[in-house]
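Read the structure below first, then the notes.
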There are 2 protein chains.
Amino acid sequence: MFKAIVYVTLRESVLDPQGNAVHESLHSLGYDEVGEVRIGKYMELEINSNDQKNAEERVKDMCEKLLANTVIEDYRFDLNKY
Amino acid sequence: MFKAIVYVTLRESVLDPQGNAVHESLHSLGYDEVGEVRIGKYMELEINSNDQKNAEERVKDMCEKLLANTVIEDYRFDLNKY
């Protein structure tokens, strides 16, 4: 049994309107020290498998096919046995 | 200058319909080894400050006031000097 922690973030070159909105809100609350804000997704997936190498390949596939839009997003993941 | 990495996740007791939808989609794509899926937010904030202790307190404040809904969400963050 593994837990996959997947991080999906917008590519550097892609504008992040949600991040800009959070940046503006933080400034209007007085947090003037805040610079760029980028927002991504964080996912935890239980993986019922005992084969780490296979599980890694399968999670990579899931990212490519469903979890990330690789045209505009990057992803990375950790796989922890538990 | 710091980079704050903030993770916001739904509390254990709160249902995650978005996670359930991803779970169903992964199963319909043939990834039957996927168990529970929980989805959260991942944020990167540039913090223009040189005082780590103060920056930590301020980021905690931002989480409590804006970045997380503490009724249903938990948060944690790392602060990295760069």
Side-chain angles (χ1 to χ4, degrees), chain A residues 1-10 12 16 18-52 54-68 73-79 82, chain B residues 1-10 12 16 18-52 54-68 73-79 82:
Chain A
M1 196 91 147
F2 295 95
K3 179 157 274 182
I5 309 286
V6 181
Y7 306 89
V8 178
T9 50
L10 283 173
E12 279 293 320
D16 183 354
Q18 198 187 357
N20 292 342
V22 168
H23 173 272
E24 293 305 312
S25 298
L26 286 170
H27 275 247
S28 72
L29 289 172
Y31 299 106
D32 295 324
E33 73 269 44
V34 176
E36 194 183 18
V37 178
R38 304 282 290 179
I39 298 194
K41 277 170 282 180
Y42 168 91
M43 298 178 237
E44 295 180 353
L45 289 79
E46 274 179 13
I47 307 290
N48 298 307
S49 164
N50 291 312
D51 178 345
Q52 172 137 12
N54 180 258
E56 266 178 34
E57 274 170 26
R58 298 272 291 176
V59 173
K60 187 168 183 294
D61 265 13
M62 294 177 210
C63 289
E64 297 275 346
K65 284 200 188 138
L66 182 77
L67 304 179
E73 292 173 327
D74 289 318
Y75 66 85
R76 63 196 161 80
F77 63 87
D78 301 319
L79 203 62
Y82 79 103
Chain B
M1 196 91 147
F2 295 96
K3 178 158 274 183
I5 309 287
V6 181
Y7 306 89
V8 177
T9 49
L10 282 174
E12 279 294 319
D16 183 353
Q18 198 186 357
N20 292 343
V22 169
H23 173 271
E24 293 305 312
S25 299
L26 286 170
H27 275 247
S28 72
L29 289 171
Y31 298 105
D32 295 325
E33 73 269 44
V34 176
E36 193 182 18
V37 178
R38 304 282 291 178
I39 298 196
K41 278 170 282 182
Y42 169 90
M43 298 178 238
E44 296 180 352
L45 289 78
E46 273 179 14
I47 307 290
N48 298 305
S49 164
N50 291 312
D51 178 346
Q52 172 137 12
N54 179 259
E56 267 179 33
E57 275 171 25
R58 300 272 291 178
V59 173
K60 187 169 184 292
D61 265 14
M62 293 176 210
C63 290
E64 297 275 345
K65 284 197 188 140
L66 183 76
L67 303 179
E73 292 172 327
D74 289 319
Y75 66 85
R76 62 195 162 81
F77 63 88
D78 300 319
L79 204 60
Y82 79 103

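Proteins come first, then strands; the chains are lettered A, B, ... in the order of their sequence lines, and each starts at number 1.
In this structure, B/Ser25 and A/Leu66 approach most closely via the heavy-atom pair CB-CD2, 3.7 Å. Of all heavy-atom pairs between B/Arg76 and A/Tyr42, the closest is NH2-OH, 3.1 Å.
With respect to chain A, the highest number of heavy-atom pairs below 4.5 Å among B/Asp61, B/Val6, B/Leu67 belongs to B/Asp61. Among A/Lys65, A/Lys41, A/Met62, the residue making the largest number of heavy-atom pairs under 4.5 Å with chain B is A/Met62. The most heavy-atom pairs under 4.5 Å with chain B, out of A/Arg38, A/Arg58, A/Met1, come from A/Arg58.
Residues A/Leu26 and B/Leu45 form a side-chain contact, since some pair of their non-hydrogen atoms from C-beta on lies under 4.5 Å apart.
Interface remark: B/Asp32 contributes backbone atoms only to the contact with chain A (heavy atom separation under 4.5 Å). B/Tyr31 touches chain A through backbone and side chain together, each having a heavy atom under 4.5 Å away. When heavy atoms are compared at a cutoff of 4.5 Å, B/Lys3 does not approach chain A at all.
B/Gln18 CD: 12 or fewer foreign heavy atoms inside a 6.0 Å radius. Residue A/Glu46 qualifies as enclosed at atom CD: its count of foreign heavy atoms under 6.0 Å is above 12.
Atom-to-atom distance recorded for A/Glu33:CD and B/Asn54:CG is 7.0 Å, nearest 0.5 angstrom.
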